[in-house]
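Keep in mind that the numbers below use all heavy atoms, side chains included, and drop hydrogens, waters and symmetry copies.
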Amino acid sequence: MPDDAKEGLRQAALDYHQFPKPGKLEIRATKPLANGRDLARAYSPGVAEACLEIKADPSVARDYTARGNLVAVVSNGTAVLGLGNIGGLASKPVMEGKAVLFKKFANIDCFDIELNEPDPEKLAEIVCALEPTFGAINLEDIKAPDCFIVEKLCRERMNIPVFHDDQHGTAIVVGAAATNALRVAGKKFEDIKIVSTGGGAAGIACLNMLLKLGVKRENVWLCDIEGLVYRGREKDMTPQKAEYAQGTTPATLDDVIAGADLFLGLSGPGVLKPDMVAKMADRPIIFALANPTPEIAPEEARKVNPQAIIATGRSDFPNQVNNVLCFPFIFRGALDVGATDINDEMKIACVEGIAALARATTSAEAAAAYKGEQLTFGADYLIPKPFDPRLMGVVASAVAGAACETGVATRPITDMKAYKANLDSSVFKSAMIMRPVFDAARTSARRIVFAEGEDERVLRASQAIMEETTDTPILIGRPEVIELRCERAGLNIRPGVDFSIVNPENDPRYRDYWGTYHELMARKGVTPDLAKAIMRTNTTAIGAVMVHRDEADSLICGTFGQFLWHLNYVCQILGTDEYHPVAALSLMILEDGPLFLADTQVHPEPTPEQIAETVIGAARHVRRFGVEPKIALCSHSQFGNLDSDSGRRMRAAMEILDSRPRDFAYEGEMHIDAALDVELRNRVFPGAHLDGAANTLIFANTDAASGVRNILKMKGGGLEVGPILMGMGNRCHIVTPSITARGLLNMSAVAGTPVTHYG
């Protein structure tokens, strides 16, 4: 890399740490402190009540303080990354980064604690004294063999989990990668020969883990800077290395590498030479994990043996062995069950969970985060990517289950399925509120046709539909294109086997479809030739015809193109006096709960009758999500204070709604802040017919509704479910081009719900 490019990267990293605020962490309060009453509860005298409860029963500290979700990352800075002994203060950016990863990946709060204490026994004493503050301890970047001493003493004296991530985190991820590498190579743990270059904490822990997974100790050859670790060697020896001594005479790495099935490198750059790779067994597995420069570059190893299966510690090569695949989730599971230790069974459960996830279909979220990479299980995809959101549910629940089974859990979980669902809902923001919709969708098997069946998001959603629901996807598209894209995306579904296809270019139903469309549109200017052309090129029209002919129950379209363009064809084919588009309802999932918005798409300037119909439809659909509707009709006018067009239409809509009893709460017309702020509303309009904050906002035009929707998405971190096309009897939903694969899965659940479930 050129020097100016290196300097640019260096400065970018420094700027990242310095701006807009120094460091990577801050502390935020979880309770309001807005007035004297709050102060009296947060501090004196109210705080005494919590103190006395904990004094009477120490276990309730989890209920009244943050301790149950608080981890300490502790280091003395004696072995930091590839930087060596740089001391506690210089290690702080690394420890802050570790704390950020805990929060980002597992929502665990974390303090980084850097200590100027090189003596391992004194360091252990300090850590043990921290037990009242924390629910668990993560030891980090402490040199070997001191790290073994510190961890041993802390585990013996403390009644909370103590985990040295450099050892066990690395070992767990190596164990998962090795499990899958052997599967790809067609080998077994008990049969392989391992040669390792790494006598430090991580290297020894990896070997210990591989023994637990079935490797025989006599098949392990450990080398370090002094060569082979053998019995009787005195130079640079530790008790941990001595456990792996082989033979009684000196030897080099080159002497022992012949026939090795697995090379495990946790040493330094260039240690493994190409001619050594040539001596290894068939289909060798090479874990060159030294950072930033591995023991051998992947391209050099593959020149010698193209069949080599390779992992490194770098993100720019396939199979990065990264501890972030492990430590956030093993701590999540341990904390949630109140574990007193992280034992071998919990670590092995973590190994198995990570390995199994790599063998499963890649998640859409991981595919989006690593666009362009091939994420299909095999030699170049042995372990999942860190941004795979399924890691939380799979790994943490496996760890929690192992803790319960082995008796180290002080708060055992009885319903592990519900626990995993709860973990998933913390990662997939839509999971919790979508649960009643998915439950309702499972009561019947509906046929859902996707107009844009070649889109990768649709393909991923289709696989998820088959895994998570009883619905049957039907895809419109060219079979060869769909098959190729399924393969490229690492999906194990195939057209004609797992789902059916309508091929616009060549389908035996083509004559029936264009005939049906022509029959519907003959008196609206559509000739037979035009009907034929539309049924060859317009996949939305094809899907709508399928629903009309009862060959599908619901159509989902709109992953590209303009909403009203799709709506035009949907109305042509599926519109009737009974079924007509009322409005588009978008559910925005925000940090403080759901907020429904309408009409975001259908009527640019709705009439009072259309607004009233939108309100009634919204109330019905909001209940599908298990939410009791509280609807505000929003306008620039507030309770009659402006004679504006939107105000007049909203007041007229209120009159229509008031003309007969309604079984839901609504009020208007009002500003958005009055809809969401009860105190403000009570000041400007005491006695309003709405209790609490509104959860559904109805707007007087699509510009306002769509604008709020997009602001909440882009600046408010809102996740959209929708748009839900109301009024069409659940026979069609038109999404927008920004929708994700998970968004399509959510919409398929909405479409998969029988109409009887929501009226």
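In this structure, the side chains of Ile616 and Arg662 come closer than 4.5 Å at one or more pairs of heavy atoms. Contact check for Arg623 versus Glu628: side-chain heavy atoms found under the 4.5 Å cut-off. When side chains are defined from C-beta on, Gln601 counts as touching Thr736, because their heavy atoms get closer than 4.5 Å. The closest side-chain heavy-atom distance from Leu423 to Val394 is not below 4.5 Å. When side chains are defined from C-beta on, Tyr517 counts as touching Val526, because their heavy atoms get closer than 4.5 Å. Taking 4.5 Å as the limit, every side-chain heavy atom of Arg536 sits out of range of all side-chain heavy atoms of Trp514. With a 4.5 Å cut-off on side-chain heavy atoms, Gln638 and His671 count as touching. Counting heavy atoms from C-beta on, the side chains of Pro723 and Phe563 come closer than 4.5 Å.
Residues Lys532 and Thr527 bring no donor and acceptor atom of their side chains to less than 3.5 Å of each other. Glu551 and Tyr513 share a side-chain donor-acceptor pair at under 3.5 Å. For the residue pair Tyr579 and Asn730, no side-chain donor N or O sits within less than 3.5 Å of a side-chain acceptor on the partner.
Without hydrogens or angle criteria, Glu487 side chain to Leu484 main chain gives no donor-acceptor distance under 3.5 Å. For Ser637 (side chain) and Gly647 (main-chain N/O), no donor-acceptor pair under 3.5 Å exists by modelled atom type. Distance alone, capped at 3.5 Å, is enough to place a donor-acceptor pair between the Arg649 side chain and the Ala700 backbone. Remark: the backbone N or O of Ala544 is not paired with any side-chain donor or acceptor of Arg549 at under 3.5 angstrom. At distances below 3.5 Å, at least one donor-acceptor pair connects side-chain atoms of Arg681 with backbone N or O atoms of Ala675. Panel note: side chain Arg624, backbone Val750; a donor-acceptor pair is recorded below 3.5 Å. No donor-acceptor distance shorter than 3.5 angstrom exists from the side chain of Lys630 to the backbone of Ala693, with no hydrogens or angles considered. Side-chain atoms of Arg457 come within 3.5 Å of backbone atoms of Ile739 as a donor-acceptor pair (strictly under, hydrogens ignored). The main-chain N or O of Leu587 is never found under 3.5 Å from a side-chain atom of Glu720 such that the two would form a donor-acceptor pair. Under the 3.5 Å distance criterion, the side-chain polar atoms of Arg648 are matched with a main-chain donor or acceptor of Asp643.
Here the straight-line distance linking atom CZ of Phe377 with atom CD1 of Ile383 works out to 11.5 Å at 0.5 Å rounding. Rounded to the nearest 0.5 angstrom, Leu459 CG and Glu456 CD are separated by 7.0 Å. If you take SG on Cys557 and CE on Met747, they are separated by 10.0 Å, rounding to the nearest 0.5 Å. Tyr381 contributes atom OH, which lies 8.5 Å from atom OG1 of Thr376 (distance to the nearest 0.5 angstrom). Atom CG of Leu676 and atom CG of Asp592 lie 9.0 Å apart (nearest 0.5 Å). Considering CZ of Phe387 and NZ of Lys104, their distance stands at 5.5 Å, rounded to 0.5 Å.
Applying the side-chain hydrogen bond (donor to acceptor under 3.5 Å, both in side chains) test to residues at least two apart or on different chains, the pairs with a partner in residues 555-569 are Glu452-Thr559, Thr540-His566.
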task: Please step through side-chain contact (heavy atoms from CB on, under 4.5 Å) for the pair Leu633 and Met670, ending with a clear verdict.
output: CA-CA 6 Å; Leu633 283 71; Met670 69 179 86; over 6 Å; no
query: Yes or no on side-chain contact (heavy atoms from CB on, under 4.5 Å) for Cys732 and Ile734, after CA distance, side-chain angles and deciding distance?
result: CA-CA 7 Å; Cys732 176; Ile734 305 170; 4.0 Å; yes
- prompt: Which is it for Leu744 and Ile556 under the side-chain contact (heavy atoms from CB on, under 4.5 Å) test, yes or no, and what are the steps along the way?
  reply: CA-CA 8 Å; Leu744 285 167; Ile556 295 178; 4.1 Å; yes
Full working for side-chain contact (heavy atoms from CB on, under 4.5 Å) between Leu574 and Met728: CA-CA 8 Å; Leu574 299 177; Met728 294 299 293; 3.8 Å; yes
message: Applying side chain to side chain donor-acceptor pair (under 3.5 Å) to Lys417 and Ser397, what does each step give before you reach the verdict?
response: CA-CA 9 Å; Lys417 187 176 179 182; Ser397 61; over 6 Å; no
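The shortest non-hydrogen separation linking Gln463 to Ile493 is OE1-CG2, 3.1 Å. Looking at every heavy atom in both residues, Ala360 comes nearest to Arg390 through CB-NH1, 4.3 Å. Between Asn701 and Pro604 the shortest heavy-atom distance is CB-O, 3.0 Å. Contact detail for Ile698 and Ile611: the closest heavy-atom pair is CG2-CG2, 4.3 Å. Shortest non-hydrogen contact noted between Gly333 and Tyr419 is CA-OH, 3.7 Å. Between Gly393 and Lys420, the shortest heavy-atom contact is O-CG, 3.7 Å.
Counting non-hydrogen atoms of other residues, nucleotides and ligands closer than 6.0 Å to CD of Glu519 gives a total of 12 or fewer. Atom NE2 of His518 has more than 12 neighbouring heavy atoms from other residues, nucleotides or ligands inside a 6.0 Å radius. Other residues, nucleotides and ligands contribute over 12 non-hydrogen atoms within 6.0 Å of the CG atom of Asp415.
The aromatic rings of Phe105 and Phe329 sit perpendicular, their planes meeting at an angle over 60°, well past the 30° parallel limit.
Considering Val602, Val582, Leu555 in turn, Val602 is the only one that fulfils the side chain to side chain contact (heavy atoms under 4.5 Å, CB included) rule with Leu725. Each of Val708, Asp599, Thr614 was scored for a side chain to side chain contact (heavy atoms under 4.5 Å, CB included) with Phe699, with one residue passing: Val708.
Salt bridge absent: Arg620 and Asp663 never bring a charged side-chain N and a carboxylate O closer than 4.0 Å.
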Which atom pairs, one a donor and one an acceptor, fall under 3.5 Å between side chains of residues 469-480 and the rest of the protein, sequence neighbours left out?
residue : atom : partner : partner atom : Å
Thr469  : OG1  : Ile465  : O            : 2.7
Thr469  : OG1  : Asp471  : N            : 3.1
Thr470  : OG1  : Ser444  : O            : 3.1
Asp471  : OD1  : Arg446  : N            : 3.0
Arg478  : NE   : Glu454  : OE2          : 2.8
Arg478  : NH2  : Glu454  : OE1          : 2.8

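Shown here are the side-chain hydrogen bond (donor to acceptor under 3.5 Å, both in side chains) partners of His580, two or more places apart in sequence or in another chain: Glu613.
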